[in-house]
There are 2 protein chains.
Amino acid sequence: MLSNACKYAIRSILYLSLYSDKTKKIGVKKIADELETPQPFLAKLLQQLTKSKLVTSTKGPNGGFYLSEANQKNSIWDIVENIDGPNKFNQCFLGLSKCEDENPCPVHYIAAPFKNKILANFRDKTISQFSSEIIDTDKVLSLKDYDALKQE
Amino acid sequence: MLSNACKYAIRSILYLSLYSDKTKKIGVKKIADELETPQPFLAKLLQQLTKSKLVTSTKGPNGGFYLSEANQKNSIWDIVENIDGPNKFNQCFLGLSKCEDENPCPVHYIAAPFKNKILANFRDKTISQFSSEIIDTDKVLSLKDYDALKQE
DNA sequence: ACTAAAAAAGATATTTTTATCTTGATTTAT
DNA sequence: ATAAATCAAGATAAAAATATCTTTTTTAGT
Ligand code: FES
Ligand code: FES
């Protein structure tokens, strides 16, 4: 559904939302390590997200990435839109050129409600609301520890 | 979500289910034309589907592709499994290595029901049931005519 | 000033997906 | 038998996504 790039982006931003702020920046190395994503690829991605004002960065020693107050007010949808483009959730599941209630493809009424629901969920909550929820309901951004645990 | 190849495959098979049988085979050219898919790519794909026993073909004049009785009894899921692999609908939406209720990612409870419902829909109906439904409820496999209409 | 840390920028490489092209094999109809 | 139609098979190409590498710029701390 989403590209790898987009998945990395969402998890990185949620990670930054949870663990960084203006006074506590985090470097690519750390982020890539925690989220188990390819480091140089993530670096490029964060570069792009910074340019798009979805994350904030500073250079130099003690520099790194963090979410500003403004960044926290964006939505997951803003990320998807930026990385995978604005049509990610209004395309036909079977590849027709349009997805509409008139001329529905055979799976339209199965797929469309979910696309709409996911879209709504992604659009109507801010990153910071999302991350509060992550804390409250104990969600995970990486299975690093879990995987490590399993190996024992 | 699904690869182009898989979308083409599903639409082709539904098309064959609707319009072909043992006595009325249809060639790649016709199918590609009707569904507006790249012809040589579809040819390769149908070749693979034939090898996988999801469609049936015969060579020579009046040859072409059709769905045998056995082919009609397969499900959409069989197609997806064959083209995009068996893990298409149990992967984490955010790219975690596992998607399970324990250790859910932040969007798990939004995305997982969707994946399950689609999976169920794709697995529990045969191709022929699907195509009956297509006729009864007037679904479309291509927007060819619709698009042409719009241009006027 | 100097050094080291860190991101930014740009170039390159690899892999996967999508697509096409060419040749060969099979079958039907004449 | 021969010719024409049609799929099969294999080779190749093009495009997109994923990933890496190298160099430059900025900045904090000494
Ligand atoms: S038309 Fe296919 S999903 Fe809406
Ligand atoms: S864990 Fe991410 S979708 Fe289930």
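Every chain is numbered from 1 and lettered A, B, ... according to where its sequence line falls, protein lines coming before strand lines.
- Between A:Leu2 atom CG and D:dT18 atom C1' the separation is 16 Å, expressed in whole Å.
- Considering all non-hydrogen atoms of both residues, B:Ile26 and B:Ile31 come closest at CG2-CG1, 3.7 Å.
- The separation between B:Lys30 atom NZ and D:dC7 atom C1' is 18 Å, rounded to whole Å.
- The aromatic rings of B:Phe114 and A:Phe93 stand perpendicular to each other, their planes meeting at an angle above 60°, with 30° marking the opposite boundary.
- At whole-Å resolution of the value, CD in B:Gln39 and P in D:dT6 are 11 Å apart.
- The residue B:Pro40 sits close to a base: some heavy atom pair falls under 4.0 Å.
- Straight-line distance from the CG atom of B:Leu42 to the C1' atom of C:dC21: 16 Å, rounded to whole Å.
- Spacing between atom CZ of A:Phe41 and atom P of C:dT15 amounts to 15 Å, rounded to whole angstrom units.
- B:Phe89 and B:Trp77 have tilted rings, their planes meeting at an angle from 30° to 60° on a 0 to 90° scale.
- For the residue pair A:Ser17 and A:Gln72, a side-chain donor N or O sits within less than 3.5 Å of a side-chain acceptor on the partner.
- B:Thr126 and B:Lys73 get closest at one heavy-atom pair: CG2-O, 3.6 Å.
- For the residue pair A:Asn103 / A:His108, no side-chain donor-acceptor distance below 3.5 Å is found, with atom types taken as modelled.
- Within the structure, a side-chain polar atom (N or O) of A:Tyr8 is placed less than 4.0 Å from OP1 or OP2 of D:dA19.
- Rounded to whole angstrom, the span from the CD1 atom of A:Ile83 across to the P atom of D:dA16 amounts to 17 Å.
- Rounded to whole Å, atom P of D:dA16 lies 12 Å from atom CG of B:Asn4.
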* Asked: Which letter, B, S or -, goes with each nucleotide of nucleotides 4-14 of chain C from 5' to 3', with contact meaning a protein heavy atom under 4.0 Å?
  -> BBBSBBBB---
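- What separates OH of B:Tyr66 from C1' of D:dC7 is a distance of 13 Å, to the nearest Å.
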